[in-house]
Amino acid sequence: MTAHPLESTVAALLAPGKGILAADESLPTIGKRFAALNIAPTEENRRAYRELLFSTRHLNESISGAILFDETTSQRTGLGESLPGVLISRGIVPGVKVDGATIALANFPGEKITRGLDGLPERLLRYRELGGRFTKWRAVIAIGDGLPTATCIGANARLLALFAARSQEAGLVPIVEPEVLMDGNHTLARCEEVTGLTLQAVLAALIGHRVVLEAMLLKTGMVLSGKECPQQAGTKEVAAATLRCLRRAVPAAVPGVVFLSGGQSDVAATERLNAICATGAAPWKLTFSFGRALQDAAMKTWHGAPANVAAAQAALLHRARCNGLAVQGKYSAEAERAGPPSGTAK
Ligand code: 5MM
């Protein structure tokens, strides 16, 4: 069988020991993260922060790709280089979040669908011209009393499949992200059940829309106890439930599953990723596509001050390296303790 033209991008994103940096926070989300640290939510601060992330020396040793928000695709460094160009020159594949904001699903209180199909073909063309090689669309599934409904799962699955088909048509690898939220007091077993139902519906929709499974990536959460569940599952239980759930729903034709961190602490996300990957029994490549679990320490260290750039880059590089080790099942307390390297400035 001839390889699909997008498979080389897939292979680059799934390079051994590497994962994806999710730096695609929309304006409200990055605004919330900045506000928590008293950083002004200005365009210049967002630009400076993302320049800091992308220009971290040695980042390409553990980061294969980075997901950008629309605004970032046309921003430039202080020296005039485009931010996607900074990534490309360092061997990191740039991609773009192409979904819009989530909106309430009419008649289904507490449930949401994701906007963004209007004008998508034109935007995809522009992102490709700017150097983008992959795209991402996130759907949100909440667990609660009587939630999620089959209607909400079905509507989001269909939207994800429509997005993925458009993306492949435009020559861009789609990252399909149905996120089952950690919020709530549900058990690990309930998260496994909902994640399984969601993934089954999403895969059926992708197949129904003739998406080439070999030319896409699946981005999902780990199977976890709800944040407020009094009985928090241990790392081994999380790894076993996550792998069991994925094996039951995701065909081996999907080349890779990349995990979001979803609000876990950065160290917990790395420990669980390590436990999942250490089993070595998966038919797909497994890696990370973390946002907060890669960036939290770096953003806190930076705090909006140019004088903190080098230290913030060291914090980012440390988390990237720890997660790069976790993907190989080689992460350890010693690696964590080794702490941020020095001399990471551009
Ligand atoms: C779930 O969020 C994605 C992964 O980030 P975490 O590892 O922090 O959970 C992330 O790529 C997300 O899709 C973007 O931050 C965009 O989110 P918004 O809410 O701004 O659309």
Side-chain angles (χ1 to χ4, degrees), residues 13 19-37 41 46 49-50 53-54 63-73 93-104 112-117 123 132 134-143 156 159-160 163-164 167 173-183 191 195 198 202 217-224 226-227 238 242 257-273 276 286-300 316 319-320 322-323 326-327:
L13 290 171
I20 298 170
L21 167 65
D24 61 322
E25 299 85 358
S26 58
L27 301 182
T29 304
I30 192 84
K32 206 163 64 184
R33 309 251 193 277
F34 278 5
L37 297 167
R46 293 190 293 272
Y49 175 63
R50 276 139 179 178
L53 298 178
F54 300 164
I63 296 293
S64 58
I67 317 173
L68 279 55
F69 179 62
D70 176 80
E71 177 186 69
T72 318
T73 61
V93 184
V96 187
K97 159 196 169 73
V98 301
D99 60 83
T102 52
I103 47 164
K112 289 178 173 172
I113 51 168
T114 307
R115 288 198 289 208
L117 289 177
R123 283 189 289 130
F134 69 97
T135 53
K136 196 205 75 173
W137 180 293
R138 172 172 169 253
V140 177
I141 305 292
I143 302 182
N156 278 298
L159 288 165
L160 282 162
F163 141 73
S167 186
V173 171
I175 300 189
V176 174
E177 181 186 10
E179 178 182 6
V180 174
L181 297 175
M182 277 172 73
D183 306 323
C191 180
T195 305
T198 301
V202 170
L217 295 175
L218 177 70
K219 175 162 173 169
T220 182
M222 299 171 192
V223 172
L224 301 168
K227 257 194 260 174
V238 165
T242 301
V257 176
V258 302
F259 291 103
L260 58 91
S261 57
Q264 304 175 64
S265 78
D266 50 10
V267 172
T270 309
E271 284 170 351
R272 291 164 176 161
L273 179 69
I276 293 168
L286 296 170
T287 189
F288 58 93
S289 174
F290 292 163
R292 284 161 285 183
L294 278 170
Q295 295 184 52
D296 277 357
M299 193 187 288
K300 215 171 178 175
L316 171 68
R319 288 260 53 86
C322 285
N323 287 302
V327 168

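Just so you know, these numbers come straight off a predicted model, no measurement behind them. All values below come from the heavy atoms of this structure, side chains included, with hydrogens, waters and symmetry mates left out. Order of listing sets the numbers, starting from 1, for every ligand and every atom in it.
Near F290, meaning under 4.0 Å from one of its heavy atoms, ligand 1 places the atoms 7 (O). Near K219, the atoms of ligand 1 lying under 4.0 angstrom from a non-hydrogen atom of the residue are 3 (C), 4 (C), 11 (O). For ligand 1, the atoms closer than 4.0 angstrom to any heavy atom of G262 are 6 (P), 7 (O), 9 (O). Here is the list of ligand 1 atoms found below 4.0 Å of a heavy atom in G291: 5 (O), 6 (P), 7 (O), 8 (O). Using a 4.0 Å cut-off to heavy atoms of E177, the atoms of ligand 1 that qualify are 1 (C), 2 (O), 3 (C), 13 (O). Ligand-side atoms of ligand 1 in range of S26: 18 (P), 20 (O), 21 (O), range being under 4.0 angstrom from any heavy atom. Near A22, meaning under 4.0 Å from any of its heavy atoms, are these atoms of ligand 1: 11 (O). If you number the atoms of ligand 1 from 1 as listed, the ones under 4.0 Å from a heavy atom of T29 come out as 18 (P), 19 (O), 20 (O).
Nearest non-hydrogen protein atom to atom 16 (C) of ligand 1 is D24 O, 3.5 Å. From the protein, the heavy atom lying nearest to atom 1 (C) of ligand 1 is E179 OE1, 2.9 Å. If you check which protein heavy atom lies closest to atom 6 (P) of ligand 1, you get S261 OG, 3.3 Å. In this structure, atom 17 (O) of ligand 1 lies nearest to the protein heavy atom R138 NH1, 3.7 Å.
Proximity of a side-chain donor or acceptor of D24 to a complementary backbone N or O of I67 within less than 3.5 Å is not detected. The main-chain N or O of D266 is never found under 3.5 Å from a side-chain atom of R292 such that the two would form a donor-acceptor pair. Looking at R272, its side chain never comes within 3.5 Å of a backbone N or O of Q264 through a donor-acceptor pair. A donor-acceptor pair under 3.5 Å is formed between the side chain of S64 and the backbone N or O of G19. Formation of a donor-acceptor pair under 3.5 Å by the S289 side chain with backbone atoms of A22 is not found in this model. The closest donor-acceptor contact from the side chain of T242 to the backbone of V238 lies under 3.5 Å.
Of the N and O atoms on the side chains of R319 and T270, at least one donor lies less than 3.5 Å from an acceptor on the other residue.
Looking at I20 and I175, their side chains come closer than 4.5 Å, going by heavy atoms from C-beta outward. Under the 4.5 Å side-chain criterion, counting only non-hydrogen atoms from C-beta, L217 is not in contact with F134. Residues K300 and L37 have side chains in contact (heavy-atom distance under 4.5 Å, counting atoms from C-beta outward).
Considering K136, Q264, K97 only, the shortest heavy-atom separation from atom 10 (C) of ligand 1 involves K136.
Not close to ligand 1: A293, with no non-hydrogen atom less than 4.0 angstrom away.
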Q: Take R50 and E25 through the test salt bridge (charged side-chain N to carboxylate O under 4.0 Å, His left out) and record every step on the way to the result.
A: CA-CA 11 Å; R50 276 139 179 178; E25 299 85 358; 3.0 Å; yes

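Residue R292 touches ligand 1 through backbone and side chain together, judged by heavy-atom distances below 4.0 Å. With a 4.0 Å cut-off on non-hydrogen atoms, E25 touches ligand 1 through its backbone as well as its side chain. Residue contacts with ligand 1, taken as heavy atom pairs separated by less than 4.0 Å, do not involve Q295 at all.
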